[in-house]
Amino acid sequence: MSKEILKVEDVSIKFNLSSEKVDSFKEYIIKSIKHQISYDEFWALKNVSFSINKGDRLGILGLNGAGKSTLLKVIAGVFKPTEGHVTASGRIVPLLELGAGFDPQYTGRENIFLYGTVLGYSKSYLQEKYDEIVEFSELGKFIDVPIKNYSSGMRTKLGFSIATISEPEILILDEILSVGDARFRKKSEQKLVDMMDGGTTVLFVSHSLAQVRRICNKAMILDHGKLHAIGGIDEISDMYEKMIEE
Amino acid sequence: MKYLKNFWSRRFLLIELVKKGIKLKYRRSYLGIIWSLLEPILTTIVLTIVFGTLFGIDDPTYPMYILCGRLIFSFFSTGTNAASKSIRGNAGMIKKVYVPKYLYPMSSVLFNFVIFLISLLVLIPLAIYCKVTPTWSWFLTVIPLVILILFTFGVGMILATVNVFFRDIEYLWDVILLLIMYMSAIFYYPERLLNSGYGWILKYNPLYSIIQVFRDCLLGNPIEWLYVLFSLICAFVSLLIGTYVFYRKQDVFILHI
């Protein structure tokens, strides 16, 4: 159980906050002549290091803007860190925003194959799992309707069903348990619990401390891009409660 | 080797993206893919009538001459345009899931290439109409076509990269494409231009070389191997520059889209 599966080493990420966005040649040339292009540097993450073992369920706590989502995106490979690096062994499935790879003009069926291949599944695997995905998503006959006509709940259900079709080694969850109707929420939470029992490592961001306590066995607190504390769930969530009250 | 392996593991996604491009291009139009045959035929008819009369050309293969140039130019134009918009257009996906980013311009060029290959079919009825007899040299068209796709992909990657930082390039490129069209001898014969002081316009235009070699293959004229060599070199240079700038900048794309 103590095999290290994800290692984040000294990761920092810097954003340039330009006061105005310059995206045309004219502006760029005029402003660089006038020396008006100035950037405010902003470190969204600064020297964050930690590692987690296989089967760990790490809750990431922090106020808005603490860098939680940025950290998840770095781990998912969407952002490349300015300094430091992330090493992961095994497939990472990010559930950052469900259905981000969907094409609105495509039907549900076509999107299963599109989003599935985006997540790295093979075509034959998706064909094999197709019925299971449709069934879990509860979409029924709407599967052949273009996604643009779906409600946001339907889209979320489909996204969740595709993303969780196999058991990834590392699952990244960003606030997604709060979507869908109550029945689907219960069902999806059950599915996640099953996956965790199967040994999937989970990184979980939520503002609901109760949910984090229920799901995770470890937690960390991010504060203004810095790692404030990391440790067992009880210790850290007590600390976080105190932080909020201050 | 590592890159090839990575690429191979993403082949399903590439196929899926190419399919998506083709499917969505003609979705909800009644004639669908037939448009890619109809459109070049219609423009060729108009161009033949207008310029055939204007220049007083009575060569029976003139429609064939125009169609070859037009098909190749329109692939270059739609392919580079699609690649140029591919990174911005897929911003939603790029921000949420990790996918090797070169797949976006690559799939844009590939799906347009597939449509282009289908539209090449119109050459067959036109060849019959113009009484051009097919020869073995038709198979040699593979050479200009391969050079064409490499060149388009290279230019597309350069444009995609620049477009992330400066949106103007979309509009600027439209203007440049128009100039390239007039500079590629699509609906006029090149001889007079070549013999004038402006011959360099054609001589240093890789697209003109590709079009000319393609025509020579189809019309049974001897191939200018110098043109083949020149366009091949241009294709590789554009690929090198394209790959270089794309890889240099791809990690910061996400901060600008």
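Labels below follow one simple rule: chain letters A, B, ... track the order of the sequence lines, proteins then strands, and each chain is numbered from 1.
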Chemist: With a 4.5 Å cut-off on heavy-atom pairs, point out which of A:L114, A:I172, A:L119 contacts chain B the most.
Modeler: A:L114
Chemist: For A:Q127 and A:S124, which I'm curious about, is there any donor-acceptor pair between the side chains at under 3.5 Å?
Modeler: no
Chemist: Please round to the nearest 0.5 Å and tell me the distance separating atom OG of B:S36 and atom CG of B:L120.
Modeler: 10.0 Å
Chemist: Which pairs count as salt bridge (Lys or Arg N to Asp or Glu O under 4.0 Å) when at least one residue sits in residues 31-41 of chain B, sequence neighbours excluded?
Modeler: B:E39-B:R70
Chemist: Do we get B:K101 above B:F246's six-membered ring, with its NZ or CZ under 6.0 Å from the centre and within 45° of the axis?
Modeler: no
Chemist: Measure A:K73 against the heavy atoms of chain B and call it side chain, backbone, both or neither at under 4.5 Å.
Modeler: side chain
Chemist: Looking at side-chain heavy atoms only, is the closest gap between A:V93 and A:T200 below 4.5 Å?
Modeler: no
Chemist: Are the aromatic ring centres of B:F113 and B:F116 under 6.0 angstrom apart?
Modeler: yes
Chemist: So do the side chains of A:I215 and A:L173 get within less than 4.5 Å of each other, counting heavy atoms only?
Modeler: no
Chemist: Applying salt bridge (Lys or Arg N to Asp or Glu O under 4.0 Å), name anything that partners B:R11, two or more places apart in sequence or on another chain.
Modeler: none
Chemist: Can B:T80 and B:W173 be counted as having a side-chain donor-acceptor contact under 3.5 angstrom?
Modeler: yes
Chemist: Considering only heavy atoms, which portion of B:K19 lies under 4.5 Å from any heavy atom of chain A: side chain, backbone, both, or neither?
Modeler: both
Chemist: Quick one: are the ring centres of B:F76 and B:F151 less than 6.0 Å apart?
Modeler: yes
Chemist: Is it true that atom NZ of A:K7 has more than 12 heavy atoms of other residues, nucleotides or ligands lying nearer than 6.0 Å?
Modeler: no
Chemist: With chain A as the partner, which of B:R27, B:K20, B:Q250 has the greatest number of non-hydrogen pairs under 4.5 Å?
Modeler: B:K20
Chemist: May I ask you to list the residues in residues 90-97 of chain B that approach chain A closer than 4.5 angstrom, counting heavy atoms only, ordered by number?
Modeler: B:G92, B:M93, B:I94, B:K95, B:K96, B:V97
Chemist: Are there residues of residues 79-86 of chain A that reach to under 4.5 Å of chain B by heavy atoms, and which ones?
Modeler: A:F79, A:K80
